[in-house]
Amino acid sequence: MSKQNIYKDTLNLPKTKFPMKANLAQREPNMLKQWEDSGIYRKLRDQAAGRPKFILHDGPPYANGDIHIGHAVNKILKDIIIKSQTLGGYDAPYIPGWDCHGLPIELNVEKKLGKAGVKVDEKTFRNGCREYAARQVAGQKADFKRLGVMADWDNPYLTMNYDFEANIIRTLGQIIDKGHLHKGSKPVHWCTDCGSALAEAEVEYEDKTSPAVDVRFKAVDRQAILDIFSAANGSDKPVNAVIWTTTPWTLPANQAVALHPDFDYVLVETDQELLILAEELYPSALQRYGVEQSQILGRCKGSQLENQLLQHPFYNRQVPVILGDHVTVDSGTGAVHTAPGHGQEDYVVGMKYDLEVDNPVAANGCFVTGTPLFEGQHVFKANPLVLEVLQQKGALLHHQDLLHSYPHCWRHKTPIIFRATPQWFISMDQNGLRQLAIDAAEHTTWLPDWGQARIEGMLENRPDWCISRQRTWGVPIALFVHNETQALHPDTQDLIEKVAQKVEQAGIDAWFELQPAELLGDDAQNYSKVTDTLDVWFDSGVTHACVIKQRDELQFPADLYLEGSDQHRGWFQSSLLSSVAVNDMAPYKEVLTHGFVVDAQGKKMSKSRGNVVAPQKIMKTLGADILRLWVSSTDYTGEVSVSDEILKRTADAYRRIRNTARFMLANMDGFEPQQNSLEVADMLPLDRWIVVKAEFLQQEIIGAYEQYDFHQVYQKVHNFCAMDLGAFYLDVIKDRQYTTQVDSIARRSAQTALYHIAEAMTRWIAPILSFTAEELWGFIPGKRDESVFFDSWYAFPPEIQDEMDDAYWQKVLAVRVACSKEMEKLRVDKTIGSSLDAEVDLYCDDELRALLEKLQDELRFVLITSYARLHKLSDRPADAVDADDVNGLAIQVKASEHNKCVRCWHHREDVGSDSEHPELCGRCIANVSGQGEVRHYV
RNA sequence: GGUUGGGUAGCUUAACUGGUAGAGCAGCGGGUUUAUAACCCGUAACGACAGAUAAUCGGCUGAUGCGAGUUCGAGUCUCGCCCCAACUACCA
């Protein structure tokens, strides 16, 4: 041992300060501080000035709550793209944003301040919201930064910034100018106790007992119905369609009876009448009515009855039969009472048939003045009265109470109703927006490509976009409408600009506090301010106008939007519609989506399931780079699984990459690229080969980045580290690195190769393992910029035509694998330990022998054996073993009988040939006290 | 209920227009101590079965969520089913 140490000092063992243990959780925050202190994002912009632009436009997360792993995936993917595009030579600015208005924030502020307009005035409430949102943004921003996301964090866009708010209003003006605005009414959830609309989130479902009634609607043209059913009937019994409802109070607003176009309906004769019922339901219905005797007179499809008129049960009104796919045969009669003012579905189908959206119910839940029979009655109290009236009119066929799930107000716990209220819409059809949007979607690249079918399906079927909300914390629909006619003020465009200027100065309060006379003068008495606010999807949908077009460094349209697949319904669509409405084109050229994060079983994450993985926890334990590497390792176009095992595997892969890099650095100890690197032509063929291999790989990696196929990058880099480098190249060059002389060509050649690979590989991983790459960057020898991100993909030295090309080395590798298998047999026998304890004799056919002869003495180094001798295949002894996967090769392995050189561990004949160094082989003697061995072959 | 996708080894992923299911990691078994909180070599594909052999191996069967179909041949095409996810609707 002591003697060995003498020679150990003559070896060039690996040496580096680059730590083996990553300690990411501790190290990353320091790196972040360094980046922040040096203003890396701004410097990056300066560096990239003048390059072609790549604009990835950030979709704003909602400013509420801590970021979850889905946010992390989204931001990391964006960051990988931004960084890879930057390394690819683009100027890729990244402006992060937040969505700041809206209900969830209101609800949280309400908990602290109380209800706006009740416990606290609206201005104070809005201020509370603004402060709350700002705090949320700050919290989320800190986490996003911690992920290593490089962005203009000092100048993000917030939808609540005054200029942003002003530009929302201006964009609304443009949409009006283009003729897409439309005022209508729409049923909304309404709490009669609150006297206001409820958002979906404020609705709870609870059981309620309602009167379920079967009601006759008498056919106006009896004969026509008989004809349709092909039913001859001599009697003069009336023909009645029967509807079933649990909300009798909505009958005053009835405008139609809906049937399913494809269902079979029967005309059933009973003692007193002919009933129209769905065939599937008529037995149960008749049973309910207590009818014992009946006969079917005829049947027809629902579609045949379309537009037949029916008599309203108690009003002097005739209503049509309409068709709708929402009609089911689960319960009732197969005929649905339709009141467009009181039901979502009724409203939608009513729009198709141009039915009146009649709403006779006031805000307090009572029938308005002038409602025949029920004026002033509260709707739920009116139910028995309606029944009474139906009874009187002979329209009530059956009544029984029914317990069912029914929407309730979450505050009052009282049943709510659907009530049509005036709302503002962006019309899909009045000025051709739907078709324009579909066309624009066709001109957009959707990744994955099924995104196009998805969004087109949505565009084709979606109703008009209701953009108005009756809320406090939102951008106002800053319009003046005529008190009588409800028409927009003729100077609307001018007024909008004036309002926008005020909002630019003072935020949305400027509108809510505005005295109309200030802008309208005497005309103010004829006009009212609209007090509705905009849907927050409008806010975020118009970032193309409020951000992309406002900031000089950005370009419209954006190259890419990237969000979760839920945003086909959300932001992708709101952005598309609003952009098409004002620009006649999509705001993006390409839309990329990622799936949701699920657990190892593919189940979605939820608190109740207890399978939630918090990004904060991963960053605190494993580090952001592990989280980033995990994101990169997934095919994110589908659902993405995460679990402890998956993260552990990711950490394993990380260590492989890190240690490979570390080993390369350690073997470049004392290497100065300017002085010590060799020309390609002077390098050893093996070293040239690995560099070419790396360059080839780089092309694939760049291609994968361009396709946003990051898991390909991950696989390729990892494979390269594990296989090409770890299992072969780095193992083989150890001998050369350690035992040859410091400044020998043999060693400098390998170091030159390591240098090129380290330069390249650091860049490959930089978009993903940003912290680690930056750390590595400081350890690679040679002069360099402050940050890896200021650089571009590595420019390899020019290739030269090489006799020993990749195909050549693949054959050598196959021989190596065959030898390893044979050596393993001796190792199992404990005949040898290290492969250097072995000598191999290779019996090759002529072709293979010629091939391997080119390696000369290097063959033993490639095989990491003490001797490697070539022979003719015809000379093979009986105990040589045919190689499985190499033709024309038989191998004989035996333990070497020669002494082991204590310095290089090879067993050589010439060990001890020099009495001064009795334990060294000839090669080592030359390296220790002579000129040094020559390892240049070919 | 509807729309759009998805389900390949313990994990992450490959497989061109149908043509031998390919890698890496993990696992298991060894080795090295000159990458050592590291590295190398070998092995290996649900579960199960029977035979031969015991150094070497050959065969059957099964195998891309399940089951059919088309085909000489299916991870890939068709149909049905199960499960998962996003969106959407409904409960009159």
Side-chain angles (χ1 to χ4, degrees), chain A residues 4 7-8 11-16 20-21 205 210 212 243-247 250 258 325-328 330-333 335-339 342-346 348 404-407 448 450-455 457-458 461-462 564-570 593 595-598 600-604 630 633-635 637-639 641 643 645-650 652-653 655-656 659-660 662-667 711-712 714-716 718-723 726-728 730-731 734-735 737-739 817 820-821 823-825 827-828 830 832-837 864 881 903-905:
Chain A
Q4 215 169 333
Y7 294 112
K8 198 164 183 176
L11 294 169
N12 312 301
L13 295 181
K15 188 175 156 198
T16 180
M20 175 174 289
K21 193 176 176 192
Y205 285 80
S210 301
I243 63 92
W244 182 77
T245 181
T246 57
T247 52
T250 62
D325 292 334
H326 64 290
V327 178
T328 66
D330 295 342
S331 58
T333 60
V336 176
H337 146 61
T338 301
H342 293 308
Q344 204 78 249
E345 194 89 90
D346 293 4
V348 172
H404 63 157
S405 169
Y406 191 87
W450 48 259
Q452 179 162 351
R454 189 158 201 233
I455 198 144
M458 289 171 175
N461 296 317
R462 69 159 295 152
S565 59
D566 56 331
Q567 300 302 334
H568 283 117
R569 183 41 127 190
T593 55
F596 278 60
V597 181
V598 295
Q601 278 74 46
K603 300 278 178 69
K604 67 178 157 199
W630 163 70
S633 75
T634 63
D635 175 5
T637 58
E639 281 103 53
S641 286
S643 68
E645 182 187 359
I646 292 168
L647 288 169
K648 186 177 179 302
R649 292 287 93 82
T650 309
D652 289 346
R655 295 208 326 268
R656 165 57 91 169
N659 276 310
T660 303
R662 178 174 184 269
F663 184 68
M664 289 195 289
L665 291 178
N667 277 292
H711 66 276
Q712 292 296 333
Y714 166 87
Q715 300 261 341
K716 284 176 197 300
H718 186 260
N719 242 320
F720 186 63
C721 288
M723 302 308 293
F728 180 57
L730 295 179
D731 209 17
K734 277 178 198 168
D735 178 86
Q737 286 302 296
Y738 303 160
T739 67
V817 167
S820 292
K821 278 186 185 167
M823 284 190 273
E824 183 68 15
K825 289 171 190 166
R827 212 178 269 124
V828 170
K830 305 282 180 196
I832 60 169
S834 154
S835 63
L836 282 175
D837 298 338
I864 315 185
V881 177
R903 184 168 177 273
C904 72
W905 295 350

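FYI, side chains are in, hydrogens and waters are out, and symmetry mates aren't considered; it's all heavy atoms of this structure. We name chains A, B, ... by the order of the sequence lines, and we start the count at 1 in each one.
- Here A:His718 lies in heavy-atom contact (under 4.0 Å) with sugar-phosphate atoms only.
- Looking only at distances, no side-chain donor or acceptor of A:Asp837 sits under 3.5 Å from a matching main-chain atom of A:Ile832.
- Closest-nucleotide positions on RNA chain B for A:Gln712 and A:Asp731 were compared, and the one nearer the 5' end corresponds to A:Gln712.
- A:Tyr714 has its OH atom 13 Å from the P atom of B:G24, to the nearest Å.
- One interatomic measurement links the two molecules: CD of A:Gln737 to P of B:A35, which rounds to 12 Å at whole-angstrom precision.
- Applying the side-chain contact (heavy atoms from CB on, under 4.5 Å) test to A:Thr650 and every residue at least two apart in sequence or in another chain returns A:Ile626, A:Leu629, A:Trp630, A:Ile646.
- Nucleic acid contact for A:Asp735: none, since no nucleic acid atom lies under 4.0 Å from a heavy atom of the residue.
- Only the P atoms considered, B:A35 is 14 Å distant from B:C41, to the nearest whole Å.
- Of the candidate nucleotides B:U13, B:A26, B:A92, B:A26 has the atom lying nearest to any side-chain atom of A:Arg649.
- In this structure, A:Met723 places its CE atom 5 Å from P of B:G24, rounding to the nearest Å.
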For this session: Report the C-alpha separation of A:Thr247 and A:His342 in whole Å, then their side-chain angles, then the decisive distance to 0.1 Å, and conclude whether the side-chain hydrogen bond (donor to acceptor under 3.5 Å, both in side chains) test is met.
Result: CA-CA 10 Å; A:Thr247 52; A:His342 293 308; over 6 Å; no
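- Under the 4.0 Å criterion applied to side-chain N and carboxylate O atoms, A:Asp731 and A:Lys734 are assigned as salt-bridge partners.
- Within 4.0 Å of A:Ala727, counting heavy atoms only, lie sugar-phosphate atoms of the nucleic acid but no base atom.
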Exercise. If you write RNA chain B from 5' to 3' in dot-bracket form, with Watson-Crick or G-U pairs under 3.5 Å, [ ] for crossing pairs and | for pairs with another strand, what do you get?
Worked result: (((((((..((((.....[..)))).(((((.......))))).....................(((((..]....))))))))))))....
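- Across all strands, A:Thr634 comes closer than 4.0 Å only to sugar-phosphate atoms, never to a base (heavy-atom distances).
- Among the heavy atoms of the strands, none lies under 4.0 Å from A:Lys648.
- Counting any heavy atom pair closer than 4.0 Å across all strands shown, A:Lys734 reaches a base atom.
- Across all strands shown, A:Asn659 has heavy atoms under 4.0 Å from base atoms, whether or not it also approaches the sugar-phosphate.
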Polar atom pairs (N or O), protein with nucleotides 5-8 of chain B, under 3.5 Å:
none

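- Using a 4.0 Å heavy-atom cutoff across all strands shown, A:Phe596 reaches sugar-phosphate atoms only and no base atom.
- In terms of position on RNA chain B, the residue among A:Thr247 and A:Leu13 whose nearest nucleotide sits closer to the 5' end is A:Leu13.
- When heavy atoms are screened at a 4.0 angstrom cut-off, A:Met458 is found touching the sugar-phosphate backbone but no base atom.
- Considering only residues two or more places apart in sequence or on other chains, A:Ser835 meets the side-chain contact (heavy atoms from CB on, under 4.5 Å) condition with A:Met823, A:Arg827, A:Ile864.
- Between the side chains of A:His568 and A:Thr593, no donor N or O sits under 3.5 Å from an acceptor N or O.
- Not counting sequence neighbours, the partners of A:Arg655 by the side-chain contact (heavy atoms from CB on, under 4.5 Å) test are A:Asp652, A:Asn659.
- With hydrogens and angles disregarded, no donor-acceptor distance shorter than 3.5 Å links the side chain of A:Asn667 to the backbone of A:Met664.
- Residue A:Lys604 is classed as a sugar-phosphate contact, given heavy-atom separations below 4.0 Å to backbone atoms only.
- With sequence neighbours left out, A:Asn719 forms a side-chain contact (heavy atoms from CB on, under 4.5 Å) with A:Met723.
- The interatomic distance linking A:Asn461 (CG) with B:G2 (P) rounds to 14 Å, in whole Å.
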